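Contents: one structure, followed by commentary.
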Amino acid sequence: MDLVFKRYSGPFFLDYSIENGNLSELVATLLKKRDEEMLWEMYLVSLPYNNKSFNDWKQEILGTGTKRKKQKMSKKEIDATIKKSQEILCGFKPPLDKGVR
């Protein structure tokens with residue numbers, strides 16, 4: 001119901017969809033629009049770090065583009081990544097809260 005009231009102010013739209021047997025289509029449309037809005041917000045946050053159009057970015061994130069290929073990492077690359085991760089973790093010092101010790 002929250003998805004319906006966010007986009008449409010009255011409950012009559014929902015009643016109309018139920019009466020006409022379109023409830024599943026309405027729900028699918030609302031979920032698709034919600035997902036698109038969430039992707040748009042994520043894209044806006046990522047703008048300082050990329051210079052891609054929204055559609056290119058979305059294809060890359062969702063893996064629907066032809067550019068995306070799975071690359072296997074070599075043993076050397078895996079070891080280097082693990083080593084770098086461990087160095088980052090060793091240097092991490094969590095902030096101390098007054099109530100937590």
Side-chain angles (χ1 to χ4, degrees):
M1 291 299 282
D2 211 23
L3 289 172
V4 175
F5 289 121
K6 179 181 177 188
R7 194 166 300 280
Y8 307 102
S9 61
F12 302 111
F13 186 75
L14 183 63
D15 291 339
Y16 178 77
S17 295
I18 293 171
E19 289 173 6
N20 290 322
N22 298 1
L23 183 61
S24 62
E25 292 174 29
L26 173 67
V27 171
T29 302
L30 290 173
L31 290 173
K32 187 184 266 187
K33 287 184 179 189
R34 184 203 61 184
D35 292 346
E36 191 74 12
E37 287 173 357
M38 288 173 57
L39 282 171
W40 176 250
E41 290 175 13
M42 289 171 56
Y43 170 72
L44 292 176
V45 170
S46 75
L47 272 178
Y49 310 105
N50 78 65
N51 58 354
K52 299 174 186 145
S53 70
F54 175 65
N55 288 329
D56 291 342
W57 179 86
K58 185 170 107 174
Q59 285 179 350
E60 184 178 319
I61 292 298
L62 297 177
T64 56
T66 56
K67 296 178 184 177
R68 188 163 181 134
K69 295 180 182 177
K70 291 187 177 182
Q71 297 178 352
K72 291 189 176 183
M73 292 176 68
S74 69
K75 175 77 170 137
K76 187 176 182 180
E77 290 173 320
I78 292 171
D79 290 340
T81 303
I82 291 172
K83 183 178 179 185
K84 184 174 181 180
S85 300
Q86 288 174 337
E87 289 172 358
I88 292 170
L89 287 174
C90 286
F92 178 71
K93 301 213 186 317
L96 295 176
D97 285 344
K98 293 178 182 177
V100 178
R101 295 211 182 233

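Worth saying up front: this structure is predicted, and the values here are computed from it rather than measured.
Looking at Glu77, its side chain does come within 3.5 Å of a backbone N or O of Ser74 through a donor-acceptor pair. Panel note: side chain Asp56, backbone Lys52; no donor-acceptor pair is recorded below 3.5 Å.
Neither Leu47 nor Val45 shares a network with the other; the hydrophobic side chains, linked directly or stepwise wherever heavy atoms of I, L, V, M, F, W or Y lie under 4.5 Å apart, form separate groups for each. Under the 4.5 Å side-chain heavy-atom criterion for Ile, Leu, Val, Met, Phe, Trp and Tyr, Leu39 and Leu44 are members of the same hydrophobic cluster.
Of the listed residues (Tyr43, Tyr49, Trp40), just one forms a ring-ring contact (aromatic ring centres under 6.0 Å, His included) with Trp57, and that residue is Tyr43.
Between Lys83 and Asp79, no side-chain nitrogen of the basic residue sits less than 4.0 Å from a carboxylate oxygen of the acidic one, so the salt-bridge criterion is not met.
Arg34 has its side chain within reach of Leu31: a pair of non-hydrogen atoms, C-beta onward, lies under 4.5 Å apart.
Note: Gln86 CD to Ile88 CD1 = 10.5 Å, rounded to the nearest 0.5 Å. For the atom pair CG (Asn20) and CG (Leu26), the distance works out to 11.5 Å, reported to the nearest 0.5 Å.
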